[in-house]
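Presented below is the structure to which this report refers.
Quick note: numbers below take in every heavy atom, side chains included, and nothing from hydrogens, waters or symmetry partners. Here is the naming used below: chain letters follow the sequence lines, and residue numbers restart at 1 for every chain.
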Amino acid sequence: MLRVYNTLTRKKEEFQTLEPKVVKMYVCGVTVYSDAHIGHAMSAIVFDVVRRYLEYRGYSVHYVMNFTDVDDKIINRANQKGMDPQVLAETYIQAYRKNLEDLNVLAATANPRATQEMPQIIRMIEGLIEKGFAYPAKNGDVYFRITKDPEYGKLSGRRIDDMQAGSRIEIEEEKEHPMDFAIWKAAKPGEPAWDSPWGKGRPGWHIECSAMNLSHLGEQIDIHGGGNDLIFPHHENEIAQSESFTGKQFARYWMHNGMLQLQGEKMSKSLGNLVTIDDFLARHEADALRMMVLNGSYRAPLSYSDEIMDAAERGLDRLRSALKPAPAGAVGAAAELRNTLDRQTEAAQQTFVEAMDDDFNSSGGLAALFELVRAVNTARDAGATDAQLKPAQDTLKTLTGVLGLRLGEKKASGGDADKFIGLLVEVRNEARKQKNWALSDLIRDRLKELGVAIEDNKDGTIWHW
RNA sequence: GGCGUCGUGGCCAAGUGGCUAAGGCAAGGGUCUGCAAAACCCUCAUCAUGGGUUCAAAUCCCAUCGACGCCUCCA
């Protein structure tokens, strides 16, 4: 039984979908005005793992992730660079797509963008006005009337009165209540603008997600995800808009990932303490970032450091150690040992599922995989052949695949080179027979410089890139 | 000030009432090896602090200290 922690109730709840075996899932994407950093990557990876695991458990997942392609920051940035805001946004959308692909994040079912949803957004605003949940102001803005929504604050656990007290928000005269938020913003000169019943303008940030959910997934969805910095005000406002508009519960489960921190602070564009995904990938493989995320729990903050990355990379090496082939001369393992391996494989798979079923406990899932790694390596040491190792290794590959790890399956690593390396290994073994250690060590050392590792086992020599 | 998350070995981290407190990294010892490497085996924590509840608590309650996030754009 899958259990999911729901921000709305602050509890783990049994996961039940609106429709059997179908999951409608919406994750807030990024505002595209600069290069994405590894905090964004963490969020993308977290929800990619959720999606992959749900699919592994037999669900068909409709996964929607949006791009916010019109907002103040994009406009400012574009003006600085003397570019058209839409061109700027498009550039970063393509860059982010590439980042996600490099990170082995599965493509979403749909990637809607605010600028392509104007009719739906405007229709929704009209509906909210009709129902009295929103009002147009004299300045051309349209605001959501939070006092009309008795449940406002239920996601973030805030009360309107509390917020008023400590609020640092500038009180705009056009607003009925200081906490009312804009769902349509009147255009200032030179800004991108769309026609609307309230004059030229553009949508507020929150309304686009509500509208895109409605048009791409329907009135109700199963999972809504994003970083926990979005809980307030973004997701709170989304709930207010969507539920006021439809009169129905919007998302059943709200999932939020913790923030990636650098030197004790949240990594963010505004603070400037960030590592871009491109920077990261120039120094590490994509799996390493994923491994780092998987080792923790998605809801907790995660500190990024070289030490953590080092541990993650070594952990990956360990997972890969089980996928190495048996030595050429392997004689085969006894029946009893093969049974043990089968049993351990079964147990690992079961433990993996139990852990992941508990709110996607990936570090628990990894622990099960490491147990399997030990089992495989022990069997290989005991003489198991490739054929005997295969079922366990296949299981390991399947389960690491559920986590989205590739484990460096470098395609056609050497191509033709493999044959020549095999030949060198053969020659080296001849030298070893003749106790020509100088020559055999030379071959080993030189191959190592070329990135080929040689391991002499009892039953023969293994080499790998 | 308000809301929320959290504090487990050198580091990361699971576990949230009861068998010997998962797993990974690092460290030390050992097996194997011509030497290595890899693998395997062994060793390494009483759970921030102080009270309380209970037959029994890392796990529940209270307090204290500390960290982080949100309350303003933010994954």
Side-chain angles (χ1 to χ4, degrees), chain A residues 7 10 12 27-31 33 36-47 65 68 71-73 76 153 155-159 161-170 179 205 225-234 236 256-261 264-271 291-292 294-297 299-303 305 307-319 321-322 324 351 355 358 361-371 373-374 376-382 432 435-437 440-441 444-445 448 453-458 461-464:
Chain A
T7 306
R10 315 266 172 210
K12 284 182 194 172
V27 176
C28 285
V30 293
T31 300
Y33 70 93
H37 59 71
I38 55 179
H40 300 116
M42 174 185 173
S43 187
I45 288 169
V46 162
F47 291 104
M65 190 197 74
T68 296
D71 100 325
D72 288 342
K73 295 201 168 176
N76 293 341
L155 179 69
S156 54
R158 290 156 209 262
R159 289 180 309 163
D161 298 344
D162 288 344
M163 289 188 285
Q164 247 183 306
S167 175
R168 280 177 278 166
I169 294 176
E170 285 179 50
M179 294 299 294
W205 177 36
N228 68 14
D229 54 349
L230 298 183
I231 294 172
F232 190 90
H234 185 54
E236 192 70 72
H256 293 98
N257 64 277
M259 293 294 103
L260 188 68
Q261 298 179 244
E265 273 185 314
K266 170 185 167 186
M267 184 177 289
S268 80
K269 291 180 187 175
S270 8
L271 288 171
M291 191 68 179
M292 181 181 79
L294 291 169
N295 183 48
S297 61
R299 288 191 277 133
L302 178 60
S303 293
S305 69
E307 293 72 48
I308 295 300
M309 282 317 305
D310 209 45
E313 285 178 330
R314 285 166 186 274
L316 280 175
D317 286 341
R318 176 146 181 82
L319 286 176
S321 75
K324 289 190 239 176
T351 308
D358 182 13
N361 179 351
S362 53
S363 67
L366 274 181
L369 300 188
F370 282 118
E371 302 282 1
V373 165
R374 179 179 297 117
V376 170
N377 286 336
T378 299
R380 187 195 299 101
D381 280 359
R432 290 178 67 218
K435 300 198 189 303
N436 186 346
W437 310 128
S440 60
D441 288 353
R444 183 172 64 195
D445 293 345
K448 185 171 183 180
I454 287 198
E455 297 164 16
D456 298 323
N457 288 43
K458 203 187 313 178
T461 299
I462 297 176
W463 71 266
H464 59 89

Could you tell me how far apart [X] ([atom1]) and [N] ([atom2]) are, to the nearest whole angstrom?
X        : N     : atom1 : atom2 : value
A:His40  : B:A75 : NE2   : P     : 4 Å
A:His37  : B:A75 : NE2   : C1'   : 7 Å
A:Arg314 : B:A38 : CZ    : P     : 9 Å

So what does [X] touch, heavy atoms closer than 4.0 Å: a base, only the sugar-phosphate, or nothing?
X        : value
A:Gly39  : base
A:Asn76  : nothing
A:Asn295 : base
A:Met292 : nothing
A:Glu371 : sugar-phosphate
A:Asn228 : sugar-phosphate
A:Gly264 : sugar-phosphate
A:Ser321 : sugar-phosphate

Watson-Crick/G-U partner (both atom distances under 3.5 Å) of [N]:
N     : result
B:A27 : B:U43
B:G50 : B:C62
B:U33 : none
B:G9  : none
B:G4  : B:C68

Return the nearest nucleotide to the side chain of [X]; candidates are [options].
X        : options             : result
A:Met259 : B:C70, B:G24, B:G69 : B:G69
A:Ser297 : B:A75, B:A14, B:C70 : B:A14
A:Asn361 : B:G15, B:G69, B:A39 : B:G15
A:Lys266 : B:C68, B:C70, B:C11 : B:C70
A:Val30  : B:A22, B:G15, B:A75 : B:A75

Polar side-chain contact A:Arg159-B:C3 base: donor and acceptor under 3.5 Å: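 Not at all, since no donor on one side and acceptor on the other fall under 3.5 Å apart.
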Whole-angstrom distance between B:A57 and B:G15, as gauged at atom C1':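 These two C1' atoms come out 13 Å apart once rounded.
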Spacing of the P atoms in B:A63 and B:G29 (rounded, Å): 49 Å
Protein proximity profile, nucleotides 32-37 of chain B - base contact B, sugar-phosphate-only contact S, no contact -, cut-off 4.0 Å on heavy atoms: --BBBB
Distance below 4.0 Å between A:Thr351 side-chain N/O and B:A22 OP1 or OP2: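 For B:A22, OP1/OP2 do not have a side-chain N/O of A:Thr351 under 4.0 Å.
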Distance test, side-chain N/O of A:Arg374 to OP1/OP2 of B:G23, below 4.0 Å: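 No, A:Arg374 has no side-chain N/O under 4.0 Å of OP1/OP2 on B:G23.
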SB check A:Arg158 A:Glu236 (cutoff 4.0 Å): no
A:Asp441 with A:Arg444: basic N within carboxylate O range, under 4.0 Å: yes
Any A:Met267 side-chain heavy atom under 4.5 Å of A:His40 side chain: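 With C-beta onward as the side chain, the pair stays apart.
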Results of side chain to side chain contact (heavy atoms under 4.5 Å, CB included) for A:Ser440 - residues two or more places apart only: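 Side chain to side chain contact (heavy atoms under 4.5 Å, CB included) list for A:Ser440, sorted by chain: A:Arg428, A:Ala431, A:Arg432, A:Trp437.
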Sidechain-backbone polar pair: A:Ser362 side chain, A:Leu294 backbone, donor-acceptor under 3.5 Å: yes
Donor-acceptor contact below 3.5 Å, side chain A:Arg299 vs main chain A:Asn228: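 Checked: no pair found.
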